[in-house]
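Here the structure comes first, spelled out in C-alpha coordinates, and everything after it is commentary.
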Amino acid sequence: GFGYGREGAVMVNSDLVFSPGTEGTNVVTFAEKDRLRLAGFLWDESAQMLAGAAYLVEEKRGRGRVIVFADDPNFRGCWEALTRMFLNSVIFAPSFGEAEQNQ
(Lines give C-alpha, C1' and ligand atoms only; values in the text may rest on other atoms or scores of the structure.)
Protein backbone atom coordinates (compact mmCIF):
# COMPACT_ATOMS: atom_id res chain seq x y z
CA GLY A 1 0.00 0.00 0.00
CA PHE A 2 3.02 2.33 -0.16
CA GLY A 3 2.09 5.68 -1.66
CA TYR A 4 -1.66 5.25 -1.29
CA GLY A 5 -4.07 7.07 0.98
CA ARG A 6 -6.58 5.46 3.24
CA GLU A 7 -9.19 5.08 0.48
CA GLY A 8 -8.99 4.48 -3.23
CA ALA A 9 -10.73 2.80 -6.12
CA VAL A 10 -10.17 -0.40 -8.05
CA MET A 11 -11.83 -1.71 -11.16
CA VAL A 12 -13.56 -5.09 -10.89
CA ASN A 13 -13.66 -7.16 -14.04
CA SER A 14 -14.06 -10.69 -12.69
CA ASP A 15 -16.17 -12.78 -10.35
CA LEU A 16 -13.26 -13.72 -8.06
CA VAL A 17 -13.86 -12.74 -4.43
CA PHE A 18 -11.46 -13.32 -1.51
CA SER A 19 -12.55 -13.51 2.10
CA PRO A 20 -10.30 -11.34 4.26
CA GLY A 21 -7.44 -13.49 5.52
CA THR A 22 -6.78 -14.16 9.18
CA GLU A 23 -3.05 -14.63 8.61
CA GLY A 24 -0.87 -12.14 6.80
CA THR A 25 -2.09 -8.74 5.69
CA ASN A 26 -5.28 -7.65 3.94
CA VAL A 27 -3.61 -4.76 2.12
CA VAL A 28 -6.74 -3.63 0.26
CA THR A 29 -10.35 -4.47 1.10
CA PHE A 30 -13.56 -3.34 -0.53
CA ALA A 31 -15.78 -0.79 1.21
CA GLU A 32 -19.05 -1.68 2.87
CA LYS A 33 -22.07 -2.13 0.61
CA ASP A 34 -23.45 1.42 0.92
CA ARG A 35 -20.10 2.96 -0.18
CA LEU A 36 -19.04 0.35 -2.73
CA ARG A 37 -20.22 1.75 -6.08
CA LEU A 38 -18.46 4.84 -7.42
CA ALA A 39 -19.96 4.86 -10.91
CA GLY A 40 -21.73 2.58 -13.32
CA PHE A 41 -24.00 -0.34 -12.56
CA LEU A 42 -23.66 -2.75 -9.65
CA TRP A 43 -25.91 -5.77 -9.17
CA ASP A 44 -27.15 -6.25 -5.64
CA GLU A 45 -25.72 -9.79 -5.40
CA SER A 46 -22.32 -8.47 -6.54
CA ALA A 47 -22.45 -5.76 -3.90
CA GLN A 48 -23.26 -8.38 -1.26
CA MET A 49 -20.25 -10.50 -2.30
CA LEU A 50 -17.75 -7.64 -2.63
CA ALA A 51 -18.64 -5.65 0.50
CA GLY A 52 -15.76 -6.05 2.95
CA ALA A 53 -14.03 -8.66 0.76
CA ALA A 54 -10.27 -8.56 0.20
CA TYR A 55 -8.80 -7.25 -3.06
CA LEU A 56 -5.09 -7.53 -2.24
CA VAL A 57 -3.73 -10.00 0.30
CA GLU A 58 -0.18 -10.87 1.38
CA GLU A 59 0.45 -14.10 3.30
CA LYS A 60 3.36 -16.33 4.30
CA ARG A 61 3.44 -19.68 2.55
CA GLY A 62 6.21 -22.07 3.47
CA ARG A 63 9.51 -20.18 3.32
CA GLY A 64 8.14 -17.41 1.11
CA ARG A 65 5.26 -15.02 0.69
CA VAL A 66 2.31 -14.93 -1.68
CA ILE A 67 0.75 -11.70 -2.89
CA VAL A 68 -2.65 -12.14 -4.54
CA PHE A 69 -4.93 -9.71 -6.35
CA ALA A 70 -8.63 -10.47 -6.80
CA ASP A 71 -8.43 -8.99 -10.29
CA ASP A 72 -5.75 -7.95 -12.79
CA PRO A 73 -4.53 -4.52 -11.62
CA ASN A 74 -2.98 -3.88 -15.05
CA PHE A 75 -6.03 -4.86 -17.14
CA ARG A 76 -5.61 -3.03 -20.47
CA GLY A 77 -3.93 -0.12 -18.67
CA CYS A 78 -7.41 1.17 -17.79
CA TRP A 79 -6.70 2.05 -14.17
CA GLU A 80 -3.26 3.63 -14.07
CA ALA A 81 -3.42 4.17 -10.30
CA LEU A 82 -3.22 0.39 -9.82
CA THR A 83 0.07 0.09 -11.71
CA ARG A 84 1.86 1.45 -8.64
CA MET A 85 0.10 -1.11 -6.46
CA PHE A 86 1.31 -3.91 -8.72
CA LEU A 87 4.86 -2.52 -8.74
CA ASN A 88 4.77 -2.27 -4.93
CA SER A 89 4.04 -6.01 -4.80
CA VAL A 90 7.06 -6.73 -7.00
CA ILE A 91 9.58 -4.22 -5.65
CA PHE A 92 8.77 -4.09 -1.93
CA ALA A 93 7.97 -7.76 -1.35
CA PRO A 94 10.68 -9.48 0.69
CA SER A 95 13.14 -11.44 -1.41
CA PHE A 96 13.64 -15.15 -0.80
CA GLY A 97 16.73 -14.48 1.36
CA GLU A 98 14.89 -11.91 3.50
CA ALA A 99 11.92 -14.21 4.05
CA GLU A 100 14.28 -17.00 5.09
CA GLN A 101 16.11 -14.73 7.59
CA ASN A 102 12.85 -13.57 9.18
CA GLN A 103 11.70 -17.07 10.12
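Numbering starts at 1 and runs along the sequence shown.
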With a 4.5 Å cut-off on side-chain heavy atoms, are [Y] and [X] touching?
X   : Y   : result
V90 : N88 : no
L36 : L42 : yes
D71 : L16 : no
E58 : R65 : yes
M85 : Y55 : yes
I67 : L56 : yes
E23 : K60 : no

Side chain of [X], backbone of [Y]: donor and acceptor closer than 3.5 Å?
X   : Y   : value
T25 : V27 : no
N26 : G21 : yes
R84 : L87 : no

Legend entry - Verify same cluster id: F18, V28 (apolar side-chain graph, 4.5 Å): no

What is the minimum heavy-atom distance between [X] and [Y], and which atoms define it?
X   : Y   : result
A70 : S14 : O-OG, 3.3 Å
A54 : P20 : CB-CA, 4.0 Å
A51 : K33 : CB-N, 3.5 Å
M49 : V17 : O-CG1, 3.5 Å
N74 : D72 : N-OD1, 2.9 Å

Legend entry - Evaluation steps, side-chain contact (heavy atoms from CB on, under 4.5 Å), between V57 and F69: CA-CA 7 Å; V57 179; F69 289 83; over 6 Å; no

Inset, instruction - To the nearest 0.5 angstrom, please state how far the CG atom of L50 sits from the CD atom of E32. - result: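 With rounding to 0.5 Å, CG (L50) is 11.5 Å from CD (E32).
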
Inset, instruction - Take atom CZ of F86 as the centre, draw a 6.0 Å sphere, and report whether it contains more than 12 heavy atoms from other residues, nucleotides or ligands. - result: no

